[in-house]
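First the structure, in the form of structure tokens, and then the observations on it.
Here the structure is a predicted model, which means the values were calculated and not measured. Order of appearance sets the numbers: ligands from 1, and atoms from 1 within every ligand.
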Amino acid sequence: MRVRSRLRFLPVLTALVAVVATLAALPQPASEPAGTTAVTAGPGRGAPRPEATGVVLAVHGGAGTALRREDTDARTEKAYRDGLAAALRAGRKVLRDGGSSVAAVEAAVRSLEDDPLFNAGKGAVFTEDAGHELDASVMRGSDLAAGAVAGVRHVRNPVSAARLVMERTPHVLLAGQGADDFAARNGLPVVTQDYYWTQARWDSLMQAKEQSGRGRAPGAGGKTMGAKAVGEAATGTVGAVAVDRGRDLAAATSTGGMTNKMAGRVGDSPLVGAGTYAKNGTVAASATGQGEVFVRGAATATISHLVEFGGRDVATAAHEVVHERLTALGGTGGVIALDPRGVLAAPYSSEGMLYGYVTAGGEVVTKVFPGE
Ligand code: ASP
């Protein structure tokens with residue numbers, strides 16, 4: 001009798017357990033104020049702890065030497081922080097207005113492309129023959145749609161061209177002249193090469209040529225830089241990751257590549273799974289650093305796979321890729337990686353990485369010094 005009366009409650013209990021389990025599995029709504037932002041102080045190295053929670057959008061402005069506290073004046077520091085913050089606000093505005101994560105990362109990256117301080121769009125680095133060849137990509141987490149351009153020479157905002165490739169062509173990657181023509185045909189602003197020029201990048205090219213011991217005049221061609229010099233030249237690439245109200249993830253990356261790179265060289269930034277990856281349920285990630293190594297290590301896709309198939313959380317997965325797998329391949333750099341719940345990881349193995357994030361509550365945080 002007692003057994004039977006207990007059994008009567010069994011379906012109710014089972015239903016209750018199912019409801020509780022479902023609720024626990026549901027992600028927190030993105031529009032909720034963060035409230036619980038837990039910023040881990042200290043360097044990007046070390047224990048794989050998340051950088052922050054409650055994040056809706058993050059950007060990076062490149063890995064490499066970044067800025068050194070001891071030789072950065074207040075004006076320079078402010079300029080970099082302002083650049084990162086402007087991108088974060090541009091992206092957040094899109095999200096707050098109900099826009100998609102794809103539109104948000106595009107807006108954030110465009111802002112950084114227009115800022116001459118960063119190595120993307122205006123301010124892109126020089127190739128070995130003193131030209132500019134730009135790479136960019138974007139990926140949508142909901143359906144793994146992706147678009148990219150490589151080696152474009154006349155698009156003002158390569159990330160927008162990448163988005164158009166994703167949305168208006170059956171292809172994923174357009175390169176060179178065809179990509180430039182496609183962007184122009186689709187109404188994107190085009191520029192002449194001198195638009196990208198900045199004194200700082202020109203000086204870097206001259207320095208790189210001196211360091212590589214060749215000192216050739218621009219346009220003289222020749223072999224690519226040595227591995228060490230290439231690593232040192234990796235800085236200023238930009239990227240963004242975002243999650244929108246619908247919990248859709250997106251990531252985008254844009255770059256001028258590496259100073260003194262060979263004409264025609266394509267790095268990781270426009271390659272899905274290397275520089276950029278987004279998959280709903282796992283991660284949106286954008287990378288910066290020695291592109292060749294990020295390509296060989298399938299950097300951002302590996303972070304996603306470690307989450308999906310390896311049961312890692314985003315911080316552990318990103319840390320493992322940046323500090324173990326890529327360093328084992330001889331490369332340094334960093335990633336920003338955002339999971340669908342707004343947990344952000346931002347590990348880097350380079351001396352520094354410029355990055356920042358904005359929470360659902362609107363808190364904007366920028367990091368420009370190593371270990372900040
Ligand atoms: N990853 C970029 C490239 O190899 C460079 C960078 O991140 O600074 O083109």
| Hey, is Arg163 close enough to Glu167 for a salt bridge, meaning N to O under 4.0 Å? |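 Glu167 and Arg163: salt-bridged.
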| field | Donor + acceptor pair across side chains of Thr276, Thr253 (<3.5 Å) | value |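 Their side chains do contain a donor-acceptor pair, which is all the 3.5 Å distance test asks for.
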| With Asp71, which residues qualify under side-chain hydrogen bond (donor to acceptor under 3.5 Å, both in side chains), at least two apart? |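 Testing Asp71 for side-chain hydrogen bond (donor to acceptor under 3.5 Å, both in side chains), a comparison that skips the adjacent residues, returns none.
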| task | Quick one: list whatever passes side-chain hydrogen bond (donor to acceptor under 3.5 Å, both in side chains) with Thr316, sequence neighbours left out. | result |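 With sequence neighbours excluded, Thr316 shows a side-chain hydrogen bond (donor to acceptor under 3.5 Å, both in side chains) to Asp313, given in chain and number order.
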| Option from Asn186, Val155, Leu174 for which side chain to side chain contact (heavy atoms under 4.5 Å, CB included) with Leu164 holds |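 Answer to the side chain to side chain contact (heavy atoms under 4.5 Å, CB included) test with Leu164 among Asn186, Val155, Leu174: Asn186.
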| Under 4.0 Å from any heavy atom of Thr288, which atoms of ligand 1 are there? |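 Ligand 1 atoms under the 4.0 Å threshold to Thr288: 6 (C), 7 (O), 8 (O).
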| request: Please identify which atoms of ligand 1 are closer than 4.0 Å to at least one heavy atom of Met258. | output: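 What qualifies from ligand 1 is 3 (C), 4 (O), 5 (C).
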| query | Taking heavy atoms and a distance under 4.0 Å, where does Arg265 meet ligand 1: side chain, backbone, both or neither? | reply |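 Just the side chain.
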Is the shortest N/O to N/O distance between [X] and ligand 1 below 3.5 Å?
X      : value
Ala63  : no
Glu292 : no
Thr255 : no

| Working for side chain to side chain donor-acceptor pair (under 3.5 Å), residues Glu128 and Asn260 | CA-CA 4 Å; Glu128 66 170 3; Asn260 207 22; 5.8 Å; no
| query | Does ligand 1 have an atom under 4.0 Å from some heavy atom of Gly289? | reply |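 A heavy atom of Gly289 does come that close to ligand 1.
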